[in-house]
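What follows is a single structure, written as structure tokens, with notes after it.
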Amino acid sequence: MGAQLRVYKRRIRSVTATKKITKAMEMIAASRIVKAQRQVAASTPYATELTRAVTAVATGSTTKHPLTTEAETPVRAAILLVTSDRGLAGGYSSNAIKAAEKLTERLHGEGKEVVTYVIGRKGVAYYGFRERKVAESWTGFTDSPTYADAKRAAAPLIEAVTQETAEGGVDELHIVFTEFVSMMTQNPVDDRMLPLSLGATEQEDGKGEILPLFDFEPSAEDVLDALLPRYVESRIYNALLQAAASEHAARRRAMKSATDNAGELIKTLSRLANAARQAEITQEISEIVGGASALADATAGSDK
């Protein structure tokens with residue numbers, strides 16, 4: 001019985017050490033969420049206003065441009081998938097990968113070839129394990145992205161959009177990332193960045209004010225050429241920030257669950273250890289009483 005008690009004590013020490021680690025990771029993730037939320041709040045208005053500016057320019061011109069022109073028969077689409085570099089974040093990366101796989105299946109159903117770009121080691125490992133080709137990948141910055149990282153990822157995508165499909169270019173550009181809604185809710189989404197969906201061209205805004213007409217200098221095409229990289233970079237940067245906030249929130253939630261489970265396991269093991277110790281004490285008492293009784297009987301027999 002002593003061996004069983006030692007096993008329980010050893011497991012309690014092991015689980016206690018794991019609990020300390022998961023608790024520390026939970027606190028680190030919680031502290032990083034605040035900074036990530038601030039960055040998301042700061043970048044979203046810029047991305048929104050830039051999208052509005054691009055929409056206004058495209059609406060006010062008839063120039064054919066990769067930003068706004070739908071291909072008559074699109075044959076190739078690019079997907080940028082954003083995952084994490086590290087694990088221990090629950091289903092964060094797997095949910096984003098599932099969304100990308102669903103989008104890939106839909107594009108294949110439309111008769112389009114899919115070119116995949118991946119951000120994050122989890123996504124790279126997923127495609128590498130299955131020996132599936134990835135056009136380009138980036139790692140090492142998913143938990144704390146900068147605008148330079150977004151610009152580096154946007155460069156080959158912009159080049160692919162501006163090329164002819166016969167030369168390896170693409171007709172569409174999609175991005176799959178995890179949208180940060182709240183501390184408890186993060187949703188994987190797929191969004192088409194290019195061509196830009198202009199929607200209905202309205203001459204009035206929500207307040208009933210007439211929108212101005214635009215004159216372009218030197219030309220609408222030059223303006224759109226200048227806005228194209230800024231638009232793609234800002235959208236990717238905002239997606240990276242939202243994904244980073246979602247990753248920290250998912251990791252905090254996963255580590256909290258692991259910490260709680262470790263606490264429950266420690267309680268269970270402690271009860272089992274106490275029961276084993278009580279059984280050991282009871283057995284020792286029984287052995288002592290039995291030995292004393294046998295000794296008393298032996299002594300009584302010798303007196304006779």
Side-chain angles (χ1 to χ4, degrees), residues 47 50-51 54-55 57-58 63-84 93-120 122-139 142 145 149-179 187-199 221 224-225 227-240 242-243:
L50 185 56
T51 303
V54 173
T55 303
V57 173
T63 303
K64 290 186 177 181
H65 194 273
L67 262 174
T68 58
T69 305
E70 294 273 359
E72 294 182 1
T73 55
V75 296
R76 188 178 291 112
I79 296 178
L80 175 62
L81 170 62
V82 181
T83 62
S84 66
S93 291
S94 61
N95 290 336
I97 292 173
K98 289 178 182 177
E101 291 289 77
K102 186 176 180 180
L103 175 60
T104 301
E105 184 178 352
R106 177 168 64 83
L107 293 174
H108 281 159
E110 296 173 357
K112 301 171 185 175
E113 179 187 350
V114 176
V115 182
T116 306
Y117 298 80
V118 181
I119 293 176
K122 291 298 179 180
V124 173
Y126 175 86
Y127 286 94
F129 179 77
R130 288 158 180 79
E131 297 183 351
R132 293 168 59 180
K133 184 178 179 181
V134 173
E136 198 159 347
S137 62
W138 303 268
T139 59
T142 59
D149 298 322
K151 191 172 182 178
R152 184 155 52 93
L157 296 172
I158 296 171
E159 182 180 357
V161 168
T162 54
Q163 284 182 341
E164 296 292 335
T165 54
E167 300 175 357
V170 298
D171 300 307
E172 298 177 0
L173 175 57
H174 301 259
I175 184 169
V176 179
F177 66 99
T178 305
E179 181 184 24
N187 299 324
V189 297
D190 63 87
D191 188 17
R192 193 182 78 171
M193 289 194 293
L194 294 174
L196 183 65
S197 299
L198 300 179
E221 185 175 2
L224 289 172
D225 285 340
L227 287 176
L228 174 60
R230 302 293 179 270
Y231 167 75
V232 175
E233 291 166 6
S234 66
R235 290 289 297 273
I236 293 177
Y237 182 52
N238 182 257
L240 288 176
Q242 295 219 38

Do you know which two heavy atoms are closest between [X] and [Y], and how far apart they sit?
X: Pro229; Y: Ile158; value: CA-CD1, 3.4 Å
X: Ala96; Y: Leu81; value: O-CD1, 3.5 Å
X: Thr83; Y: Ser93; value: CB-OG, 4.0 Å
X: Pro195; Y: Glu172; value: CD-CG, 4.1 Å
X: Pro74; Y: Asp171; value: CA-OD2, 3.3 Å
X: Val176; Y: Ala100; value: CG1-N, 3.9 Å

How many angstroms lie between [atom1] in [X] and [atom2] in [Y], if you round to the nearest 0.5 Å?
X: Met193; Y: His174; atom1: CE; atom2: NE2; result: 9.5 Å
X: Leu50; Y: Asn238; atom1: CG; atom2: CG; result: 11.0 Å
X: Asp191; Y: Phe177; atom1: CG; atom2: CZ; result: 6.0 Å
X: Leu103; Y: Ile175; atom1: CG; atom2: CD1; result: 11.5 Å
X: Tyr127; Y: Ile97; atom1: OH; atom2: CD1; result: 7.0 Å

Below 4.5 Å, heavy atoms only, C-beta onward: do [X] and [Y] meet side chain to side chain?
X: Val134; Y: Val124; value: no
X: Trp138; Y: Pro145; value: no
X: Val82; Y: Thr142; value: no
X: Leu157; Y: Leu194; value: no
X: Thr139; Y: Val118; value: no
X: Val170; Y: Val161; value: yes
X: Leu107; Y: Ile79; value: yes
X: Asp149; Y: Ile119; value: no

Other residues, nucleotides and ligands only: do more than 12 of their heavy atoms fall within 6.0 Å of CZ on Arg76?
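More than 12 within 6.0 Å, yes.
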Lys112, NZ atom: more than 12 neighbouring heavy atoms under 6.0 Å:
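Atom NZ in Lys112 is packed in, count exceeds 12.
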Between Lys102, His108, Glu110, which is the residue that forms a side chain to side chain contact (heavy atoms under 4.5 Å, CB included) with Arg106?
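Result: among Lys102, His108, Glu110, Glu110 is the only option passing the side chain to side chain contact (heavy atoms under 4.5 Å, CB included) with Arg106.
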Taking Arg152 for its side chain and Ala155 for its backbone only, find out whether a donor-acceptor pair lies under 3.5 Å.
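The answer is no, because no donor-acceptor pair under 3.5 Å joins these two groups.
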Backbone of Tyr117 reached by a side-chain donor or acceptor of Ser137 within 3.5 Å:
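Absent.
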For Lys151 and Glu233, run salt bridge (Lys or Arg N to Asp or Glu O under 4.0 Å): C-alpha distance rounded to whole Å, both residues' side-chain angles, the deciding distance at 0.1 Å, then the answer.
CA-CA 5 Å; Lys151 191 172 182 178; Glu233 291 166 6; 5.1 Å; no
Counterpart residues, side-chain hydrogen bond (donor to acceptor under 3.5 Å, both in side chains), relative to Glu101 (two or more places apart)
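side-chain hydrogen bond (donor to acceptor under 3.5 Å, both in side chains) check on Glu101 returns Tyr126, Arg132.
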